[in-house]
Amino acid sequence: MSLIDKDRFNKLYDSDPPQYSDAIAIQKELKDKVVSKNGFNQIKTVAGADLAILKDEKKLVCGIIVFSYPELNEIERTWEVVDEEFPYIPGLLAFREGPAIIKTYEKLKEKPDVLILDGHGIAHPRGFGIACYVGVLLDIPTMGIAKKRLYGTHQEPRDVLGSYEPLFSKNGEQIGVALKTKKKTKPVFISAGHKIDLSTSKKIALMCVRGYRIPEPTRLADKYVAELKRGLANNA
DNA sequence: GCGACAG
DNA sequence: ATCTTGTCGC
């Protein structure tokens, strides 16, 4: 993260009531760093990341699993534990989970072509969700798959696997899609993070669906951190 | 002022 | 995210 003064980031976390206003300012500044063009040719691997909270320890456990694409065979998985230094504030999720994800990502031997995050990318009130945050700071292709809408308006997609409706910002720009990944379930929200476009993000999300509403990378990373949490709880 | 509000 | 039993729909 050489894009912003490291001191500025530290202040963000050190001050007791975390500086939300500066976190927002940082998002507005970094928003212009986002690249919406694909930063790759062929996608051979994708990865899913997720977190769990170790309530007792005031820590966060992050797990990332890398898969071959489009087969989705697991290639590698790794994890990391970090201190919980920022609260969950809608719109500022990246400041809470971003550091843990970045630290875990750096431990990967096999860097994925695209990293899928649990949350939004561009589909954010300031156009800089967690997928953009992680993508820009690491300068890697990222996309977001969220279970709930955070920002924007959309119509309900038909109840057919693969159908979707555009997600629009207040300015009328398309910032993502509400995608039906399974019949009789609510759609998931796809948006581009960094170095990737929306159509490619949507294509990847759909290619990663294996009978469940949540695409495999995210779904399995979720199970992974749940296991890690249990293991760490017993050990402690 | 009143709702909405990723994980 | 986390808590937490039964239960409605496919």
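A, B, ... follow the sequence lines: proteins, then strands. Residue 1 opens every chain.
The number of heavy atoms from other shown groups lying within 6.0 Å of NZ (A:Lys11) does not exceed 12. Counting non-hydrogen atoms of other residues, nucleotides and ligands closer than 6.0 Å to CZ of A:Arg8 gives a total above 12. By the neighbour-count criterion of 12 heavy atoms within 6.0 Å, atom CD of A:Glu156 is densely surrounded, having more than that number from other residues, nucleotides or ligands. Within a 6.0 Å radius of NZ in A:Lys111, other residues, nucleotides and ligands contribute more than 12 heavy atoms. Heavy-atom neighbours of A:Tyr212 OH from other residues, nucleotides or ligands within 6.0 Å: at or below the threshold of 12.
None of A:Lys180, A:Lys182, A:Lys183, A:Lys186 except one satisfies the salt bridge (charged side-chain N to carboxylate O under 4.0 Å, His left out) rule with A:Asp159; the exception is A:Lys180.
Between A:Phe86 and A:Phe95, the ring planes lie tilted relative to each other; the angle falls in the 30° to 60° range.
For A:His154 and A:Phe189, the ring centers are positioned less than 6.0 Å apart.
Atom C1' of nucleotide B:dG7 and atom CG of A:Leu93 are separated by 5 Å, given to the nearest angstrom. A straight line from CD1 of A:Ile122 to P of B:dA6 spans 18 Å, rounded to a whole angstrom. Rounded to an integer number of Å, the gap from CZ of A:Phe128 to C1' of B:dA6 is 15 Å. For A:Leu117 and B:dG7, the CG to C1' distance is 12 Å, given to the nearest whole Å. Distance A:Met143 CE to B:dA6 P: 19 Å, rounded to the nearest Å. Straight-line distance from the CD1 atom of A:Ile214 to the C1' atom of C:dA1: 14 Å, rounded to whole Å. Atom pair A:Asp50:CG and B:dA6:C1' shows a separation of 12 Å (rounding to whole Å applied). The interatomic distance linking A:His154 (NE2) with B:dA4 (P) rounds to 14 Å, in whole Å.
Nearest approach of A:Ile204 to A:Ile196, heavy atoms of both residues: CD1-CD1, 4.0 Å.
With rounding to the nearest 0.5 Å, the separation of OG in A:Ser201 from CG in A:Leu206 is 12.0 Å. Summarising the geometry, atom CD belonging to A:Glu106 is positioned 10.0 Å from atom CD belonging to A:Glu80; distances are rounded to the nearest 0.5 Å. We find the CD1-CG distance between A:Ile190 and A:Leu198 to be 8.5 Å, quoted to the nearest 0.5 Å.
Listed for the A:Thr45 side chain is a donor-acceptor partner under 3.5 Å among the backbone atoms of A:Asp113. A donor-acceptor pair is defined here as one N or O able to donate and one able to accept, closer than 3.5 Å; no such pair exists between the side chain of A:Ser36 and the backbone of A:Asp197. Panel note: side chain A:His120, backbone A:Gly127; no donor-acceptor pair is recorded below 3.5 Å.
Taken residue by residue, residues 81-89 of chain A places heavy atoms nearer than 4.0 Å to DNA chain B at A:Tyr88. Contacts between residues 156-169 of chain A and DNA chain B, defined by a heavy-atom separation under 4.0 Å, are absent.
Residue A:Leu92 is classed as a base contact, given a heavy-atom separation below 4.0 Å to a base. Counting any heavy atom pair closer than 4.0 Å across all strands shown, A:Lys147 reaches sugar-phosphate atoms only and no base atom. Base contact: A:Gly91 has a heavy atom under 4.0 Å from a base atom.
Inspection of the A:Thr200 and A:Asn38 side chains reveals an N or O donor paired with an N or O acceptor under 3.5 Å.
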Within the sub-3.5 Å range, which N or O atoms of nucleotides 2-6 of chain C have a protein N or O partner, and how far apart are they?
residue: C:dT2; atom: OP1; partner: A:Lys229; partner atom: NZ; Å: 3.3

Could you list the protein-to-nucleotides 8-10 of chain C atom pairs, N/O on both sides, closer than 3.5 Å?
none

Intra- and interstrand pairs of DNA chain C - dot-bracket, Watson-Crick/G-U under 3.5 Å, | marks other strand: ..........
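Taking 4.0 angstrom as the limit, A:Arg149 places a side-chain polar atom (N or O) nearer than this to OP1 or OP2 of B:dC5.
Annotation: salt bridge (Lys or Arg N to Asp or Glu O under 4.0 Å) contacts of A:Arg77 (sequence neighbours excluded): A:Glu74.
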